[in-house]
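Naming convention: chains lettered A, B, ... in sequence-line order (proteins, then strands); numbering from 1 in each chain.
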There are 2 protein chains.
Amino acid sequence: MVPFRLVPLSGVPIAEQVAFAAKKAIFSRKLRPGDAFPSVRALARAMKIHANTAQKVIAQLAAEGLLEVLPGIGTVVARQAAPRSGRARLLAREVEQLAVQAMQIGASLEELQSAINECWRGLAGARSDRGAV
Amino acid sequence: MVPFRLVPLSGVPIAEQVAFAAKKAIFSRKLRPGDAFPSVRALARAMKIHANTAQKVIAQLAAEGLLEVLPGIGTVVARQAAPRSGRARLLAREVEQLAVQAMQIGASLEELQSAINECWRGLAGARSDRGAV
DNA sequence: CAGGTGTCACATGTGATATGGTACACGTAT
DNA sequence: ATACGTGTACCATATCACATGTGACACCTG
């Protein structure tokens, strides 16, 4: 069974949602390096999406280095590549967007920091307990 | 002159980009409550976009309570409404997205916090120096 | 060989988006 | 009253991203 579900959210492409869910599963270690990733057609069936869309998801994750494709065999979760330098720069857009939105709803910097903390712990904290919800 | 520029970014709707730029200008106090906001046609001319698109921007910002429409007169920057309760919940999606992306590029929680801090200061820090770049 | 895997190439329909144009109700200034 | 600027509302059109649908190919394993 695939370790993530999908709620039809408006505005966000299905492929993006699935890819994001897969990322969460990987970073929270519900999927460990070396684990087999659902095949294109299996993923399509499980997520109720088209095989072509599922293929796009896998292709994107593979391009980002999160999955390793074994031609003719399947796809497995890759070990994380060494992070490149100047990585803080890549977050600028997202950080700015989050900051502005936080300001708009009247949140304080402390509240935002706390929300980040909580979320981070929620992801990184589910390390070796595989069956946990 | 409008206090924000626009760089044609792929994938993101123009109206969204303009609205976001306007939000930044408002929250960083480059536009203060009571200040006149560019008119639909002026904004369209300045941003090199269609009047219809500019109107969509203003309508969205007004719907979010950031602008106050004076019928027949124009649009001014509104005083921020009292923040509603349970506001941390509204950030969950964005926070989660940012956290996952930070993990992907190998950033630590501390680095992420620091990036947030810096960005927040950059926005809230430009309070009363109007002419600054 | 058959069956599974990832990959690619079309075509099709749908929805969002941006543009272009026109019109209206409102308020201000002349 | 007139002219002008304001936000707002339609309609039409073109474009693009997206998901779907279908088919085909190269690869590996049994």
Side-chain angles (χ1 to χ4, degrees), chain A residues 1-2 4-23 26 31 33-78, chain B residues 1-2 4-22 26 31 33-78 97:
Chain A
M1 196 47 193
V2 281
F4 42 86
R5 263 156 307 198
L6 180 60
V7 287
L9 196 62
S10 62
V12 186
I14 298 181
E16 289 290 332
Q17 297 180 46
V18 177
F20 181 74
K23 281 184 188 178
I26 291 176
L31 283 176
D35 280 1
F37 195 82
S39 76
V40 169
R41 293 158 180 90
L43 181 62
R45 231 176 305 120
M47 297 281 104
K48 312 272 194 191
I49 60 179
H50 196 77
N52 227 331
T53 305
Q55 200 278 328
K56 193 181 300 182
V57 172
I58 293 184
Q60 176 187 336
L61 294 176
E64 295 179 6
L66 294 173
L67 295 183
E68 194 172 351
V69 174
L70 309 178
I73 309 288
T75 308
V76 297
V77 179
Chain B
M1 197 47 194
V2 281
F4 44 85
R5 263 155 311 198
L6 180 61
V7 288
L9 197 62
S10 63
V12 185
I14 300 180
E16 289 290 332
Q17 297 179 46
V18 177
F20 182 73
I26 292 175
L31 284 177
D35 280 1
F37 195 82
S39 76
V40 169
R41 294 159 181 89
L43 181 62
R45 231 176 306 119
M47 297 280 103
K48 313 271 195 192
I49 61 180
H50 196 76
N52 225 331
T53 306
Q55 200 278 329
K56 194 182 299 181
V57 173
I58 294 184
Q60 176 186 336
L61 293 176
E64 294 179 5
L66 295 173
L67 295 183
E68 194 171 351
V69 175
L70 309 178
I73 309 288
T75 308
V76 297
V77 179
Q97 179 182 341

Engineer: Over all strands shown, is B:Ser39 touching base, sugar-phosphate only, or nothing at heavy-atom distances under 4.0 angstrom?
Structural biologist: sugar-phosphate

Engineer: Extract from the structure each pairing of a protein N or O with an N or O of nucleotides 9-11 of chain D at less than 3.5 Å, listing the distance.
Structural biologist:
residue: D:dC10; atom: N4; partner: B:Asn52; partner atom: ND2; Å: 3.0

Engineer: May I ask you to test the A:Val76-A:Asp35 pair for a side-chain heavy-atom distance under 4.5 Å?
Structural biologist: no

Engineer: What are the two closest heavy atoms between A:Gly65 and A:Ala78, and how far apart are they?
Structural biologist: O-CB, 3.6 Å

Engineer: Measure from CD1 on B:Ile14 to P on D:dC16 and round the result to the nearest Å.
Structural biologist: 12 Å

Engineer: If I take atom NE2 from residue A:His50 and atom CZ from residue A:Arg41, how far apart are they, to the nearest 0.5 angstrom?
Structural biologist: 10.5 Å

Engineer: At the 4.0 Å heavy-atom cut-off to chain B, mark where contacts on DNA chain C begin and end, going 5' to 3'.
Structural biologist: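 Footprint of chain B along DNA chain C, 5' to 3': C:dT17 to C:dT28.
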
Engineer: Quick one, B:Phe37 and B:Leu61 - any side-chain contact, counting heavy atoms below 4.5 Å?
Structural biologist: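 Of all side-chain heavy-atom pairs linking B:Leu61 with B:Phe37, at least one is under 4.5 Å.
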
Engineer: Could you go through nucleotides 25-27 of chain D and list every protein N or O atom that sits under 3.5 Å from one of its N or O atoms, giving the distance for each pair?
Structural biologist:
none

Engineer: Whole Å only: how far is the CD1 atom of B:Ile58 from the P atom of D:dT8?
Structural biologist: 7 Å

Engineer: Return whichever of A:Val69 or B:Lys48 has its heavy-atom-nearest nucleotide of DNA chain C closer to the 5' end.
Structural biologist: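 Whichever sits nearer the 5' end wins; that is A:Val69.
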
Engineer: Rounding to 10 degrees, work out the angle separating the end axes of the helix from C:dC1-D:dG30 to C:dT30-D:dA1 (five pairs an end).
Structural biologist: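 The angle, to the nearest 10 degrees, is 20°.
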
Engineer: How far apart are the closest heavy atoms of B:Val57 and B:Ala15, and which atoms are they?
Structural biologist: CG2-O, 3.5 Å

Engineer: Base, sugar-phosphate alone, or nothing: which one does A:Ala15 contact when heavy atoms must sit under 4.0 Å apart?
Structural biologist: sugar-phosphate

Engineer: Side chain to side chain contact (heavy atoms under 4.5 Å, CB included) between A:Leu70 and A:Thr75: does it pass, once the steps are laid out?
Structural biologist: CA-CA 6 Å; A:Leu70 309 178; A:Thr75 308; over 6 Å; no

Engineer: Test of understanding: with side-chain contact (heavy atoms from CB on, under 4.5 Å), list the residues that count as partners of B:Val40, not counting sequence neighbours.
Structural biologist: B:Ala51, B:Ala54, B:Gln55, B:Ile58

Engineer: Starting from the C-alpha separation in whole Å, work towards a yes-or-no answer on side chain to side chain contact (heavy atoms under 4.5 Å, CB included) for B:Leu67 and B:Val77.
Structural biologist: CA-CA 5 Å; B:Leu67 295 183; B:Val77 179; 4.2 Å; yes

Engineer: If you round to the nearest 0.5 Å, how far is CD1 of A:Ile14 from NZ of A:Lys56?
Structural biologist: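 Going from the NZ atom of A:Lys56 to the CD1 atom of A:Ile14 covers 10.0 Å.
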
Engineer: Would you list the pairs meeting salt bridge (charged side-chain N to carboxylate O under 4.0 Å, His left out) in which at least one residue belongs to residues 62-76 of chain B, sequence neighbours left out?
Structural biologist: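 Every pair satisfying salt bridge (charged side-chain N to carboxylate O under 4.0 Å, His left out) with a residue in residues 62-76 of chain B: B:Lys23-B:Glu64.
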
